[in-house]
Every structure is written in structure tokens, then in C-alpha cells.
Amino acid sequence: MKTKFADGRSIVFKNDFLDYISGQLLSPIETQNYLLLQSADSYFLNDFICKEHTQYCDLELTFVVYGSLLSYTNGDFEKVEKGEVYLSFRGEKHIVKSKHGARFQTLAIDLKNESCCAELFSLLTKKFKNASSKKIRANISTQLATILSEFIDDDLPFKTIHLDALISEILVILTRGESKKSDKIFDTKDLLPDLINYIDTHYLSITTLNELSDEFGY
């Protein structure tokens with residue numbers, strides 16, 4: 001679904017599975033380990049604010065594709081910039097706003113009872129729920145873009161299996177911690193295959209050549 005507003009803001013794509021008035025779940029996608037409640041790709045040109053609300057899902061993550069956001073959870077606002085992920089958990093008071101243009105992707109999930117990923121989710125919750133900072137730099141743009149594409153195509157075979165694997169991969173990346181940049185490469189023969197692979201897997205988020213220079217130290 002694409003929605004435009006008169007003041008210039010626009011949501012490029014958004015799927016909601018929650019009735020915010022009644023609090024009732026409408027039609028979540030169920031996988032082996034998760035209930036996928038929301039997946040959204042949002043772009044805002046002017047001032048944007050998602051007013052304070054109580055988080056309804058076990059985990060919501062917001063990944064900034066470009067621009068920056070100010071996110072608030074039970075405390076002070078924290079600036080979240082391109083390539084960073086902000087995490088919020090069930091029951092927390094949450095606000096998101098942006099002064100200037102920004103694009104961000106959102107994923108909201110519940111963990112199913114007796115999930116084999118319960119230990120993974122527990123580690124992530126312990127690491128971030130009561131932390132002073134709830135943001136982390138992580139390369140999850142490829143996984144989120146794939147989830148968004150799977151989300152809107154109902155006829156894909158093995159869809160729920162793929163979504164389950166993608167969500168679990170994201171949680172593993174976040175639990176492991178900050179993504180590390182590649183060591184400096186001096187041999188262009190070694191550089192080229194890695195560079196091509198990086199572009200192929202990050203083409204949705206790369207906006208400048210300087211980002212490639214910073215990533216590869218070349």
C-alpha cells in the first residue's frame with residue numbers, strides 16, 4: 001500500500017496487522033518461530049512524528065536506510081543514523097520522530113511459545129531492553145528488503161520458511177553485536193570480488209562511493 005500526505009510526507013510501503021483502536025491483531029503472518037505483525041518501508045520528506053505509544057509486540061526494530069531519526073523509549077531521545085538499528089520491546093513507551101527527510105524500515109514480531117529461538121531472543125532482550133542505548137550498527141538491509149518483497153507476494157512457495165530464516169538471521173546479527181568493517185585491502189585482485197559481492201548485497205542502502213571507501217579502507 002502506498003500512502004501520500006498533503007504536507008509532502010509519504011509512506012512508500014506499509015502493511016499493518018494491528019487495529020490500533022481495539023488492540024486486536026488482524027492477520028499476522030505465522031512462521032515456525034514468529035508472528036510477523038508488521039513490515040514497513042517508510043519515507044518522509046518533512047517533519048514526522050510517531051506519537052508516544054505502548055509497544056504492542058515482543059520486538060520492534062527500526063533500521064535507518066538514510067537520513068536520521070530520533071527515537072525515545074522510557075527515557076531520553078537517541079539519534080539513530082543511517083546503517084543503525086533501534087530496538088524497542090513489549091510494554092515500553094516509544095516515540096519516533098524526524099526533522100528532515102528520512103527513510104526507515106520497520107519490523108515488528110512476536111516470539112511464539114516453545115520457539116527454538118527462545119534462547120536467542122532472551123539474549124537479545126537481556127542485552128538491549130534495559131540498556132542506556134538501544135541502537136546498534138548492523139548490516140541487515142538485505143534481509144529487510146527481502147522480507148518486504150516476500151511480504152507482498154502471497155504466491156511465493158516456502159514463504160513462511162524463508163521469512164522465519166530471515167528473521168532469525170537478523171536476530172543473530174543483532175545479538176552478535178556491532179558489525180566490523182573489513183581490514184584494509186592492498187591487493188586489487190583480492191578487493192574486486194569482495195567489492196562486487198558487497199555492492200550486490202547492499203545495493204538498496206549504498207548512496208555514495210565514500211561508503212565503499214570507508215567499508216574497504218581503499
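When reading the values below, keep in mind they use all heavy atoms of this one structure, side chains included, and skip hydrogens, waters and symmetry mates. Quick caveat, the model's predicted, so the values are computed rather than measured.
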Search all heavy atoms of [X] against all heavy atoms of [Y] and return the closest pair with its distance.
X: K97; Y: F77; value: CE-CZ, 3.8 Å
X: A102; Y: L69; value: CB-CD2, 4.1 Å
X: K79; Y: S68; value: CE-OG, 3.7 Å
X: C57; Y: I109; value: CB-O, 3.6 Å
X: S88; Y: Q55; value: OG-NE2, 2.6 Å
X: L148; Y: S39; value: CD2-OG, 3.2 Å

Q: Please test D110 against L37 for side-chain contact (heavy atoms from CB on, under 4.5 Å), starting from the C-alpha separation and ending with a verdict.
A: CA-CA 7 Å; D110 278 349; L37 309 178; 3.7 Å; yes

Quick one: do [X] and [Y] end up in the same hydrophobic cluster if we chain Ile, Leu, Val, Met, Phe, Trp and Tyr together by side-chain heavy atoms under 4.5 Å apart?
X: L166; Y: L156; answer: no
X: I161; Y: I147; answer: no
X: L120; Y: L123; answer: no

(Q) What verdict does the side-chain contact (heavy atoms from CB on, under 4.5 Å) test give for L144 and V65, after you've listed the backbone C-alpha separation in whole Å, the side-chain angles of each residue and the deciding distance to 0.1 Å? (A) CA-CA 11 Å; L144 284 174; V65 180; over 6 Å; no

Can you tell me how far [atom2] of [Y] sits from [atom1] of [X], rounded to the nearest 0.5 angstrom?
X: I49; Y: L70; atom1: CD1; atom2: CG; answer: 9.5 Å
X: K127; Y: K134; atom1: NZ; atom2: NZ; answer: 13.0 Å
X: E84; Y: I140; atom1: CD; atom2: CD1; answer: 11.5 Å
X: N33; Y: I167; atom1: CG; atom2: CD1; answer: 9.0 Å
X: L35; Y: S115; atom1: CG; atom2: OG; answer: 10.5 Å
X: R137; Y: K82; atom1: CZ; atom2: NZ; answer: 9.5 Å

Q) Y198 and I206: side-chain contact (heavy atoms from CB on, under 4.5 Å), yes or no, with the steps? A) CA-CA 10 Å; Y198 186 85; I206 297 171; 4.0 Å; yes

Q) Do you know which of L59, T125, T73 makes side chain to side chain contact (heavy atoms under 4.5 Å, CB included) with L87? A) L59

Do [X] and [Y] make a side-chain contact, defined as non-hydrogen atoms from C-beta onward lying under 4.5 Å apart?
X: L107; Y: L36; answer: yes
X: I173; Y: Q143; answer: yes
X: T160; Y: Q32; answer: no

Q: Determine, step by step, whether L171 and Y34 satisfy the side-chain contact (heavy atoms from CB on, under 4.5 Å) criterion, reporting the C-alpha distance in whole Å, the side-chain angles of both residues, the deciding distance to 0.1 Å, and the verdict.
A: CA-CA 12 Å; L171 297 186; Y34 312 101; 3.6 Å; yes

Q | E52, CD: over 12 other non-hydrogen atoms inside 6.0 angstrom | A | yes

Q. Does H53 use its side chain to pair, donor to acceptor, with the backbone of H94 at less than 3.5 Å?
A. yes

Q) Between S149 and T146, is there a donor-acceptor pair closer than 3.5 Å when you use the side chain of the first and the backbone of the second? A) yes

Q. Listed by chain and number, what are the side-chain contact (heavy atoms from CB on, under 4.5 Å) partners of R176, not counting sequence neighbours?
A. V172

Q) Is there a donor in the side chain of Q38 and an acceptor in the side chain of T106, or the other way round, less than 3.5 Å apart? A) no

Q) Is the F158 to H162 ring centre distance short of 6.0 Å? A) no

Q) Do E30 and K112 sit within salt-bridge range, that is, some charged N less than 4.0 Å from a carboxylate O? A) yes

Q. How are the rings of F89 and F121 set relative to one another: parallel (under 30°), tilted (30 to 60°) or perpendicular (over 60°)?
A. perpendicular

Q.
I'd like to check the side-chain hydrogen bond (donor to acceptor under 3.5 Å, both in side chains) partners of D58; sequence neighbours left out, ordered by chain and number.
A. R90

